[in-house]
Amino acid sequence: MRFVTFHVQTEAAHPHLRIDHAHYLQLLELMVRSVRRFHPAASVTVLTDAVTDLSALRVPVSREVHPVDAGALMLSRARAQWAHLQRHGLPEPLLFLDTDMLVNADLSTLPAIHAFDVALTVREHRQMPINGGFLLLNNADPPRGLGFFQRYLRAFEHQAHDAGRAAWYGDQHALAAAVASETDARLLMLPCARYNHTPGNRIRKMRRPRHDTAVLHFKGDRKRLMPIYWYAHLAGLPPVLGLSWWAVRALVARIQRRLRV
Ligand SMILES: [Mn+2]
């Protein structure tokens with residue numbers, strides 16, 4: 001199984017939040033570690049642009065450069081994903097996932113359990129029922145999954161005259177449109193509660209391990225919680241030790257920031 005994410009160093013930060021590149025790389029690194037914890041042999045590819053500096057990453061990733069329009073990040077991501085698929089095909093199942101996610105279970109069992117070409121995560125949300133952070137393509141019948149992706153990208157390009165949508169959330173509208181009109185690919189709709197879970201935005205929500213959750217998604221300012229969950233439940237330390245380790249690191253980082261300004 002292969003894992004592919006997207007990250008660029010850009011000033012056009014998400015409207016809901018501003019976190020700097022160094023911080024994003026830390027999250028990306030934890031995401032990669034979580035993938036490797038449950039899939040030791042898996043490769044992780046980062047789709048990025050020519051100028052983004054990934055040298056601070058302390059985990060092995062394949063860097064793949066694509067053209068990126070900072071004003072249309074999500075559309076650029078979809079185009080880069082499509083270019084990746086055209087370049088490599090689907091020799092194995094491939095999961096496109098966000099950098100602000102932690103993998104919390106072995107996902108390679110999904111293709112063994114279900115017959116599908118494309119797996120997406122759905123939630124109760126009228127405008128955006130499908131979250132764009134999780135898109136799994138199975139390799140059982142590659143043309144079907146690739147066909148779906150091409151129709152998704154076409155739907156995205158079609159609505160991209162709306163500049164806001166090309167920047168953020170356009171992927172989710174386009175996915176919903178592609179799903180609604182799909183006739184060929186076998187779609188597997190997975191519950192967000194299990195495969196794309198957004199935890200409560202409280203530090204205390206990180207206390208317990210989520211054994212029922214295969215993927216955690218630290219949206220918006222939940223990103224600050226991602227290292228806490230990692231150190232408490234995935235780093236391989238006893239939770240109390242992991243949490244203490246996180247607390248010491250957070251304190252040191254805060255002091256370093258103070259000293260710098
Ligand atoms: Mn995300």
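Remember, it's 1-based here, ligands and their atoms both numbered in the order they're listed. Positions are given from 1, in the same order as the sequence printed here. All values below come from the heavy atoms of this structure, side chains included, with hydrogens, waters and symmetry mates left out.
- Checking H84 against E64 by side-chain atom types alone, a donor-acceptor pair falls below 3.5 Å.
- More than 12 heavy atoms of other residues, nucleotides or ligands sit less than 6.0 Å from atom CZ of R63.
- Taking the side chain to side chain contact (heavy atoms under 4.5 Å, CB included) definition, one finds that A232 meets it with L243, sequence neighbours left out.
- For R36, the side-chain hydrogen bond (donor to acceptor under 3.5 Å, both in side chains) criterion is met by no residue, not counting sequence neighbours.
- The main-chain N or O of L28 is never found under 3.5 Å from a side-chain atom of T99 such that the two would form a donor-acceptor pair.
- Membership of the apolar cluster around V252 extends to V248, as traced through chained side-chain contacts below 4.5 Å between ILVMFWY residues.
- Take the Mn ion (ligand 1) and draw a sphere of radius 2.8 Å; the protein N/O/S atoms inside it number 4.
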